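Scope of the values below: all heavy atoms of this structure, side chains included, with no hydrogens, waters or symmetry mates. What you see is a predicted model, and the numbers here were worked out from it, not measured in a lab.
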Amino acid sequence: NSNKNDFSVWDYKTGSTWGYDRSKPFRQGRRIQSVLYLALSEKRLKETCSPTCSVANFGYFFPGFREHGERISWESHQLKAGKEVLAGLVEMLQTGCFPFTTDPSDVNFTDYRMVFSNIEELVRNTRIKMKNPANKNMEPFRKLRS
């Protein structure tokens with residue numbers, strides 16, 4: 001970066017780029033690592049280096065043979081909306097709202113797939129709860145998935 005107090009944060013990933021999208025950095029609340037790393041890194045840099053330090057961008061680096069060094073990154077201003085995503089997720093935690101997903105493909109590659117009895121039924125039930133405007137606890141989830 002041009003300013004000596006501007007830093008870049010890179011997260012090295014060993015897997016594939018599947019599910020990482022430059023145009024949708026948070027994937028409706030499914031990917032929040034970027035905004036967390038950005039905030040934590042900037043806070044630590046200000047504490048240890050200089051109060052004028054900032055993180056200019058965040059990115060994922062896929063150095064493996066399969067992805068051939070692919071990089072997916074965003075400038076910090078592109079990740080500002082992540083604070084709203086985090087706020088919605090925190091609100092859900094505070095109200096005890098832990099919905100399953102609305103998209104069965106979200107659990108295609110989990111090691112815990114066998115724990116879920118009937119994925120289609122769980123997805124259907126979550127969609128029903130989301131459509132019920134009286135279910136106020138689902139409002140942050142509705143916002144994330146809209």
Side-chain angles (χ1 to χ4, degrees), residues 1-117 119 122-123 125-127 129-133 135-146:
N1 292 330
S2 59
N3 183 340
K4 70 177 184 166
N5 288 334
D6 285 350
F7 289 82
S8 296
V9 175
W10 289 96
D11 181 10
Y12 287 69
K13 296 292 192 188
T14 58
S16 79
T17 58
W18 184 91
Y20 294 89
D21 186 338
R22 284 178 179 86
S23 66
K24 298 175 187 171
F26 313 112
R27 289 197 61 228
Q28 299 176 313
R30 292 174 181 93
R31 295 244 188 264
I32 58 170
Q33 192 172 3
S34 59
V35 72
L36 291 173
Y37 279 24
L38 188 77
L40 293 171
S41 300
E42 192 161 272
K43 183 178 187 316
R44 190 67 179 143
L45 284 166
K46 287 181 184 299
E47 291 172 352
T48 59
C49 293
S50 166
T52 62
C53 286
S54 66
V55 177
N57 54 50
F58 171 87
Y60 297 109
F61 177 52
F62 300 85
F65 178 75
R66 184 158 131 208
E67 298 298 339
H68 307 288
E70 177 76 24
R71 294 173 190 245
I72 299 173
S73 65
W74 302 268
E75 293 181 20
S76 61
H77 69 86
Q78 295 174 294
L79 299 174
K80 284 190 192 262
K83 290 180 182 180
E84 291 177 37
V85 172
L86 285 177
L89 293 170
V90 167
E91 184 179 341
M92 289 168 59
L93 293 172
Q94 289 172 329
T95 62
C97 181
F98 301 98
F100 197 67
T101 184
T102 54
D103 182 351
S105 70
D106 284 344
V107 294
N108 280 350
F109 302 107
T110 179
D111 292 337
Y112 304 103
R113 190 172 171 88
M114 66 183 159
V115 174
F116 309 125
S117 54
I119 291 171
L122 293 169
V123 167
N125 289 341
T126 302
R127 289 176 180 166
K129 291 174 186 175
M130 280 188 61
K131 289 179 184 176
N132 179 0
N135 189 338
K136 300 297 182 197
N137 289 346
M138 289 293 280
E139 188 58 32
F141 197 59
R142 279 192 281 276
K143 285 180 184 175
L144 284 171
R145 296 298 167 99
S146 63

Partner set under salt bridge (charged side-chain N to carboxylate O under 4.0 Å, His left out) for E139, not counting sequence neighbours: R142
Distance, nearest 0.5 Å, that separates CZ of F109 from OG of S16: 8.0 Å
Listed partners of K43 passing salt bridge (charged side-chain N to carboxylate O under 4.0 Å, His left out), at least two apart: E47
Where Q28 and S146 come nearest, the two heavy atoms and their spacing: NE2-O, 3.8 Å
Which atom of C97 lies closest to which atom of M138, heavy atoms considered: SG-SD, 3.6 Å
Q78 (side chain) donor-acceptor with E75 (main chain) under 3.5 angstrom: yes
Check against side-chain contact (heavy atoms from CB on, under 4.5 Å), L36 and L86: CA-CA 9 Å; L36 291 173; L86 285 177; 3.8 Å; yes
Side-chain donor-acceptor pair present, D103, T101, cut-off under 3.5 Å: no
Face-on cation placement of R31 at W18 ring, 6.0 Å and 45° thresholds: no
Rounded distance (nearest 0.5 Å) linking atom OG of S41 with atom NZ of K46: 12.0 Å
Intermediate values then yes/no, ring pair (Phe, Tyr, Trp, His ring centres under 6.0 Å), F98 and F100: CA-CA 7 Å; F98 301 98; F100 197 67; over 10 Å; no
Close side-chain approach of V35 to F58, heavy-atom, < 4.5 Å: no
Partners passing ring-ring contact (aromatic ring centres under 6.0 Å, His included) against H77 (at least two apart in sequence or in another chain): none
Side-chain heavy-atom pair E91, K143 within 4.5 angstrom cut-off: no
Contact check, side chains of V85 and L144, non-hydrogen atoms, under 4.5 Å: yes
T102 OG1 to M130 CE distance, which is reported to the nearest 0.5 Å: 5.5 Å
Exercise: identify the closest heavy-atom pair between P133 and K131: CD-O, 3.0 Å
Side-chain donor-acceptor pair present, N57, S73, cut-off under 3.5 Å: no
Over 12 non-hydrogen atoms of neighbours within 6.0 angstrom of CD in Q33: yes
V107 backbone acceptor or donor facing R113 side chain under 3.5 Å: yes
Within-4.5 Å side-chain heavy-atom neighbours: P25 and L79: yes
Within 6.0 Å of CZ in R27, more than 12 heavy atoms from elsewhere: yes
For the student: nearest non-hydrogen atoms of P140 and G88, plus distance: CB-O, 3.4 Å
Gap between atom CG of L93 and atom OG1 of T95 - 0.5 Å precision: 8.0 Å
S54: side chain to side chain contact (heavy atoms under 4.5 Å, CB included) partners, not counting sequence neighbours: D6, E42
Rounded distance (nearest 0.5 Å) linking atom CG of L45 with atom OG1 of T52: 10.0 Å
Close side-chain approach of Y37 and V55, heavy atoms under 4.5 Å: no
Heavy-atom closest pair, residues P99 and T126: CB-CG2, 4.1 Å
Residues which pass side chain to side chain contact (heavy atoms under 4.5 Å, CB included) with I72, listed by chain and number, not counting sequence neighbours: T17, Y20, R22, F62, E70, W74
Non-neighbouring partners of K129 that pass salt bridge (charged side-chain N to carboxylate O under 4.0 Å, His left out), sequence neighbours left out: none
Pairwise distance CZ(F26) to NZ(K83) - rounded to 0.5 angstrom: 10.5 Å
